[in-house]
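Comments concern the structure below.
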2 protein chains.
Amino acid sequence: MVTERQRVSIFDVAKMAGVGVATVSRVINSNPRVSPLTRMRVEAAIEALGYHPSRLASGLSKGRQDMVAVLVPFITRPSVVARLEGVIEVLDRDGFGTAVYSVRSLEQRDRHLDYLMDRHAAIGVVVISIPLTQLHVERFRTNGVYLSLIDTASEGVPHVVVDDRTGGCLAATHLISLGRRRIGFIGDEDLTGLGFASSYKRLCGLEDALNNYHLEHDRSLVRLGRHGSLEARQLCDQLLELDRPPTAIFAASDTQAVGVLASAEAHAIRVPDDLAVIGFDGLEISSILGLSTIEQPLYESGVEGAKRLLQQLDGREVEQVKHVLRLELKARSTTISTHALSKSGA
Amino acid sequence: MVTERQRVSIFDVAKMAGVGVATVSRVINSNPRVSPLTRMRVEAAIEALGYHPSRLASGLSKGRQDMVAVLVPFITRPSVVARLEGVIEVLDRDGFGTAVYSVRSLEQRDRHLDYLMDRHAAIGVVVISIPLTQLHVERFRTNGVYLSLIDTASEGVPHVVVDDRTGGCLAATHLISLGRRRIGFIGDEDLTGLGFASSYKRLCGLEDALNNYHLEHDRSLVRLGRHGSLEARQLCDQLLELDRPPTAIFAASDTQAVGVLASAEAHAIRVPDDLAVIGFDGLEISSILGLSTIEQPLYESGVEGAKRLLQQLDGREVEQVKHVLRLELKARSTTISTHALSKSGA
DNA sequence: TTGTATGCGTTATCAT
DNA sequence: ATGATAACGCATACAA
């Protein structure tokens with residue numbers, strides 16, 4: 001039925017153009033050592049035959065391929081996707097494909113890493129928000145597979161991060177400066193073993209802030225659970241039903257803060273009057289809901305992470321092994337109870 | 001510096017195990033025609049050497065590789081990501097890698113498609129929410145690259161979709177049955193040339209519903225713009241500032257409905273009393289906000305789409321070329337103004 | 001500037 | 001059951 005047309009190879013092109021395969025190869029790889037005339041003849045043949053070089057053969061011959069692997073946890077999280085988008089865009093611009101490996105457990109992480117420790121699987125690997133062991137890193141190094149980290153760090157490996165602890169402190173200080181003393185925290189529980197370092201660091205930042213003001217930290221106001229709005233709402237319900245409920249809540253992410261807002265509404269608790277709420281990330285939803293937050297450049301983190309991988313491929317040393325992105329407090333209507341807030345939402 | 005350890009090949013394993021390369025290959029591919037003893041010796045050597053078969057060489061030899069490409073538009077949209085997650089999960093379970101190609105324009109679509117029309121680039125391609133031309137489809141067929149479509153359709157190609165038009169009708173009928181007559185619509189503008197078919201079909205469904213009730217459709221209540229909450233809010237602002245504003249709004253997606261809710265709040269318009277709002281998709285946010293919506297199985301669409309690709313790879317005929325997923329009306333507090341809504345939010 | 005020949009690491013065919 | 005060897009399609013060192 002389907003005439004599985006025989007693949008056109010570099011050989012066919014060479015024959016049609018009346019040249020050797022090496023010349024065709026040179027044309028493909030824009031090697032300057034080809035006369036303009038020959039180049040044109042070859043290009044014509046390529047066009048006529050509808051020839052596509054085989055990435056497989058090319059990769060095999062060169063000992064590496066043009067695919068970059070990206071390891072991501074929980075791909076449905078908006079923050080992860082925003083980063084991923086940046087990665088894909090940069091890689092694509094440089095002609096690299098992006099293979100996405102989703103990891104939900106430590107076993108899955110190790111299985112994928114094991115597979116990717118091979119220049120024939122991917123020329124380089126970008127890891128987003130997943131902790132690596134020193135052993136993994138070593139093996140990548142010895143195997144000559146490049147590595148670039150986003151939102152996670154490892155000794156000697158290029159990584160781009162934000163200072164989550166300072167961000168947490170920033171958020172809490174904002175709440176304290178507003179007169180709030182009982183500050184609840186809703187963050188991620190470490191169920192998977194993939195950590196959730198950022199959530200933990202942000203909590204540390206909260207404690208830093210309380211310490212700075214010599215305030216005691218009521219540990220019973222800290223609730224951890226699975227990441228998600230629904231879970232966060234339930235955790236917040238618990239907090240709001242306490243005898244002495246918090247007067248402010250710092251959620252480890254905007255997604256969780258959305259759950260907090262829903263919980264407050266269900267309890268008919270006025271925000272920010274009775275409860276101030278601040279999130280983290282600066283997702284679009286925060287801007288829409290007037291949610292105060294600590295904004296981090298997610299997309300940019302992807303861009304930077306990918307660029308740092310490309311630098312290594314080019315043989316350039318990565319100038320700054322540790323690249324720290326800025327954080328910015330966005331004070332909106334869930335903490336500041338003023339006027340004309342529809343305007344300041346940007 | 002870095003001792004770029006020489007790659008261990010099938011040859012090294014053969015030598016160490018004292019067998020031929022063919023035998024090693026058989027072991028790798030779990031070919032039964034190997035004696036248990038030899039198998040063990042080979043496996044031991046593989047383990048000892050830390051050998052990984054080269055996917056490149058394997059692919060070249062077999063004339064195809066184990067990477068599936070996925071074409072996605074606007075990867076940051078939650079609906080797209082949910083689908084993508086399903087695809088990745090299924091492919092991974094079957095040992096296939098997933099290369100993600102993001103497309104934002106027609107040129108980019110064609111460039112990627114052109115590249116992927118090659119069994120050496122990907123053994124199969126899954127396309128999400130992007131329209132294809134008949135020409136593209138033909139070329140895939142003649143090149144022997146398998147194709148599976150999600151949220152888009154093409155003659156003779158396996159695809160999984162929902163009935164957007166019926167869904168739109170469902171949403172509108174719900175609003176009409178609630179006594180609303182002036183129904184606004186906020187949907188996607190076709191800026192990119194990638195269509196946005198679903199948004200358009202949902203609008204058609206709205207008109208169907210109006211026709212069913214012999215209601216006139218006020219075209220001035222239809223506003224199209226870039227997909228996103230912020231844009232939707234602005235469009236809704238226009239609608240609410242009309243002399244005769246709508247009494248209900250159907251947003252083509254939950255993301256846009258969120259913008260509508262924000263706009264209503266900014267205008268101090270009560271929902272659902274003065275304005276009923278319904279979205280589409282059934283994202284987590286809809287459940288949190290109590291947003292009425294038409295829920296579609298996004299994750300499942302990815303799962304199904306990937307499965308249908310795998311069926312083709314297995315040489316099985318896809319039994320159902322067109323697979324239609326169900327839609328479900330979730331009536332929540334943005335259309336129904338009753339009691340105890342915090343409970344019905346599921 | 002251009003062509004020839006070898007190697008990249010597998011798989012598969014054919015012997016044995 | 002196992003081994004030798006020819007593809008697979010390209011890049012590149014070397015020769016011309």
Side-chain angles (χ1 to χ4, degrees), chain A residues 4-43 45-46 49-67 115 118-123 143-144, chain B residues 4-43 45-46 49-67 115 118-123 143-144:
Chain A
E4 279 224 5
R5 190 175 68 187
Q6 187 59 34
R7 181 175 230 294
V8 303
S9 80
I10 198 173
F11 206 82
D12 304 310
V13 177
K15 191 157 50 181
M16 174 172 238
V19 300
V21 291
T23 301
V24 178
S25 179
R26 290 184 191 105
V27 171
I28 294 168
N29 300 292
S30 18
N31 181 321
R33 312 182 82 75
V34 180
S35 81
L37 186 69
T38 331
R39 179 180 301 278
M40 282 180 58
R41 289 225 313 277
V42 172
E43 280 167 348
I46 289 177
L49 267 45
Y51 165 73
H52 292 271
S54 159
R55 71 187 317 176
L56 250 34
S58 164
L60 182 57
S61 180
K62 287 201 279 224
R64 42 129 95 190
Q65 70 166 17
D66 63 351
M67 187 71 78
Y115 180 62
D118 188 314
R119 277 184 303 180
H120 284 202
I123 183 172
N143 286 19
Chain B
E4 278 226 4
R5 191 174 69 186
Q6 187 59 33
R7 179 175 229 293
V8 301
S9 78
I10 198 173
F11 207 81
D12 304 309
V13 177
K15 191 158 46 183
M16 173 172 239
V19 299
V21 290
T23 302
V24 178
S25 180
R26 289 184 190 103
V27 171
I28 294 169
N29 300 291
S30 20
N31 182 323
R33 314 182 81 75
V34 180
S35 83
L37 185 70
T38 330
R39 178 181 302 279
M40 281 180 57
R41 287 225 314 278
V42 172
E43 279 167 349
I46 288 178
L49 267 46
Y51 165 72
H52 293 270
S54 159
R55 71 186 320 176
L56 250 35
S58 166
L60 182 58
S61 182
K62 288 203 277 226
R64 43 129 99 190
Q65 72 166 19
D66 63 351
M67 187 69 79
Y115 179 62
D118 187 316
R119 277 184 303 181
H120 284 206
I123 183 171
N143 286 20

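Scope of the values below: all heavy atoms of this structure, side chains included, with no hydrogens, waters or symmetry mates. Letters A, B, ... mirror the listed sequences (proteins, then strands); counts begin at 1.
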Once you round to the nearest 0.5 Å, how far does [atom1] of [X] lie from [atom2] of [Y]?
X: A/Q65; Y: A/D118; atom1: CD; atom2: CG; result: 9.0 Å
X: A/H120; Y: A/L56; atom1: NE2; atom2: CG; result: 10.5 Å
X: B/T23; Y: B/R41; atom1: OG1; atom2: CZ; result: 9.5 Å

For [X], all residues meeting side chain to side chain contact (heavy atoms under 4.5 Å, CB included), sequence neighbours excluded:
X: A/R39; answer: A/V27, A/V34, A/E43
X: A/A45; answer: A/V13, A/M16, A/A17
X: B/D12; answer: B/V8, B/S9, B/L49

Sub-4.0 Å heavy-atom contacts from residues 52-62 of chain B onto DNA chain D, ordered by number: B/L60, B/S61
To the nearest Å, give me how far apart [atom1] ([X]) and [atom2] ([N]) are.
X: B/D118; N: D/dC8; atom1: CG; atom2: P; value: 15 Å
X: A/I46; N: D/dC10; atom1: CD1; atom2: C1'; value: 13 Å
X: A/R7; N: D/dC10; atom1: CZ; atom2: C1'; value: 10 Å
X: B/R119; N: D/dG9; atom1: CZ; atom2: P; value: 9 Å
X: A/F11; N: D/dA7; atom1: CZ; atom2: C1'; value: 13 Å

Pair listing, salt bridge (Lys or Arg N to Asp or Glu O under 4.0 Å) test, anchored in residues 54-65 of chain A, at least two apart: A/R55-A/D66
DNA chain C contacts made by residues 18-43 of chain B, counting heavy atoms under 4.0 Å: B/A22, B/S25, B/N29
Could you tell me, to 10°, how much the axis swings from one end of the helix from C/dT1-D/dA16 to C/dT16-D/dA1 to the other, five pairs per end? 40°
Tell me which one of B/S25, B/S54, B/P53 satisfies side-chain contact (heavy atoms from CB on, under 4.5 Å) with B/I10. B/S25
Need two values: the first and the last nucleotide of DNA chain C, 5' to 3', having an atom under 4.0 Å from any heavy-atom of chain B. C/dG9 to C/dA12
Under the side chain to side chain donor-acceptor pair (under 3.5 Å) test, which residues partner A/S61, sequence neighbours left out? none
Side-chain donor or acceptor of A/N31 paired with backbone N/O of A/R33 under 3.5 Å: yes
